[in-house]
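To keep things clear, I will list the structure first and then write my remarks on it.
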Amino acid sequence: NIMIILDKDNFYAGGIVDGVKKGIGIYYRKLDIKEQQVYYYYEGEWNNDMPNGIGKTEKVTILQDYEGKSLIKKVVTSGEYINGMENGLMQKNVYIDGQLVGNVSYKAVIGIPEAYKDGDGNTVSATNAGEYVIGMWYLKDEPTNDYYSIEKDTILGVEIYLNK
């Protein structure tokens, strides 16, 4: 195991074999977006210098509510990754100020989420043009009547590795 400090905002800590990331490790990135402190990381299995295997990502941002109060939003996505892209059954949990506000499960195939089908096998339509539904939104393990939609052509995975 080793720690590699790439710069003041990025580091990797974990397994290295023959100069490449392999085994269990974490890649952490701190970003300043519009003067807000944001961090993002992938923690899990690595192979061939890429996230490959079971892992999770976490992204934290600072939001403002309608009264101007700062809120901390955390999105945790867990499942399997292939070359940095989501693959298989994924779970996304969303927290505001440490409280779980909802979660969604969905399937992805090499970064492309599958369209959600209802109990009768029909694809559920998104309310916004240019989007499609990938899962039902749950709150405290109870289904809501809301759906989780994403823009068409979206590829999901470890953000810092999607363009590689």
Side-chain angles (χ1 to χ4, degrees), residues 1-65 69-114 116 131-141 148-164:
N1 286 330
I2 192 169
M3 177 180 270
I4 301 169
I5 299 173
L6 303 163
D7 60 34
K8 69 180 182 70
D9 295 327
N10 296 277
F11 73 83
Y12 169 81
I16 297 284
V17 177
D18 296 328
V20 298
K21 298 172 193 87
K22 185 172 177 133
I24 303 297
I26 182 170
Y27 186 105
Y28 173 90
R29 171 176 273 177
K30 179 188 156 289
L31 301 170
D32 288 320
I33 299 175
K34 296 181 183 176
E35 300 177 9
Q36 296 179 358
Q37 299 292 317
V38 176
Y39 73 82
Y40 179 87
Y41 71 81
Y42 167 80
E43 178 180 28
E45 295 178 283
W46 293 79
N47 196 8
N48 295 325
D49 228 23
M50 297 287 288
N52 276 298
I54 302 298
K56 73 174 184 174
T57 63
E58 183 173 305
K59 183 174 187 176
V60 173
T61 55
I62 299 172
L63 308 172
Q64 301 253 330
D65 69 7
K69 179 183 169 195
S70 292
L71 303 171
I72 298 173
K73 178 181 178 183
K74 177 170 67 171
V75 178
V76 179
T77 305
S78 57
E80 185 170 358
Y81 295 84
I82 292 181
N83 292 326
M85 294 182 280
E86 295 180 2
N87 194 64
L89 184 61
M90 303 300 294
Q91 176 78 29
K92 190 175 295 288
N93 296 303
V94 179
Y95 302 85
I96 301 290
D97 284 343
Q99 298 294 316
L100 180 66
V101 296
N103 62 291
V104 62
S105 293
Y106 56 95
K107 292 181 183 176
V109 178
I110 308 176
I112 301 171
E114 294 180 355
Y116 179 74
E131 293 185 351
Y132 70 103
V133 172
I134 64 170
M136 180 176 282
W137 193 247
Y138 281 73
L139 181 61
K140 296 182 181 177
D141 295 326
Y148 188 84
S149 300
I150 62 170
E151 290 183 15
K152 292 180 180 175
D153 301 323
T154 298
I155 298 175
L156 296 177
V158 180
E159 291 179 12
I160 49 184
Y161 284 90
L162 283 177
N163 295 326
K164 287 191 173 194

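In what follows, every heavy atom counts, from backbone to side chain, and hydrogens, waters and symmetry copies are set aside.
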Roughly how far, to the nearest 0.5 Å, is the [atom2] atom of [Y] from the [atom1] atom of [X]?
{"X": "Leu71", "Y": "Ile96", "atom1": "CG", "atom2": "CD1", "answer": "6.0 Å"}
{"X": "Ile112", "Y": "Glu114", "atom1": "CD1", "atom2": "CD", "answer": "10.0 Å"}
{"X": "Ile4", "Y": "Ile16", "atom1": "CD1", "atom2": "CD1", "answer": "4.0 Å"}
{"X": "Met3", "Y": "Tyr28", "atom1": "CE", "atom2": "OH", "answer": "11.0 Å"}

Validation: residues 151-158 side-chain donor-acceptor distances under 3.5 Å, sequence neighbours left out:
| from | atom 1 | to | atom 2 | distance (Å) |
| --- | --- | --- | --- | --- |
| Thr154 | OG1 | Glu151 | O | 2.5 |

Which residues satisfy the side-chain contact (heavy atoms from CB on, under 4.5 Å) test with Tyr138, sequence neighbours excluded? Asn103, Met136, Pro143
Would you say that [X] contacts [Y] through its side chain, given a criterion of any heavy-atom pair below 4.5 Å between the two side chains?
{"X": "Val60", "Y": "Ile72", "value": "yes"}
{"X": "Lys59", "Y": "Thr57", "value": "no"}
{"X": "Ile26", "Y": "Tyr42", "value": "no"}

Atom of [X], atom of [Y] and distance for their closest heavy-atom approach:
{"X": "Ser149", "Y": "Glu131", "answer": "CB-OE1, 3.4 Å"}
{"X": "Tyr116", "Y": "Ile134", "answer": "CB-C, 3.5 Å"}
{"X": "Asp49", "Y": "Lys21", "answer": "OD1-N, 2.8 Å"}
{"X": "Ile150", "Y": "Pro113", "answer": "CD1-CG, 3.4 Å"}

Under 3.5 Å: donor-acceptor pair, side chain of Asn47, backbone of Lys22: no
Mind running salt bridge (charged side-chain N to carboxylate O under 4.0 Å, His left out) on Arg29 and Glu159 for me, showing each step along the way? CA-CA 10 Å; Arg29 171 176 273 177; Glu159 291 179 12; over 6 Å; no
Please set out all donor-acceptor pairs under 3.5 angstrom arising from side-chain atoms of residues 76-88, sequence neighbours excluded.
| from | atom 1 | to | atom 2 | distance (Å) |
| --- | --- | --- | --- | --- |
| Thr77 | OG1 | Lys92 | NZ | 2.9 |
| Tyr81 | OH | Thr77 | O | 3.2 |
| Asn83 | OD1 | Asn52 | ND2 | 3.3 |
| Glu86 | OE1 | Tyr106 | OH | 2.7 |
| Glu86 | OE2 | Tyr106 | OH | 3.3 |
| Asn87 | OD1 | Ile110 | N | 2.7 |

Here's a test for you: under ring pair (Phe, Tyr, Trp, His ring centres under 6.0 Å), which of Tyr27, Tyr41, Trp46, Tyr161 qualifies with Tyr12? Trp46
Counting only heavy atoms not in Asp7, do more than 12 fall under 6.0 Å of its CG? yes
Set out, in order, the CA-CA distance, both residues' side-chain angles and the distance that settles side chain to side chain contact (heavy atoms under 4.5 Å, CB included) for Val94 and Lys73, then state yes or no. CA-CA 7 Å; Val94 179; Lys73 178 181 178 183; 4.1 Å; yes
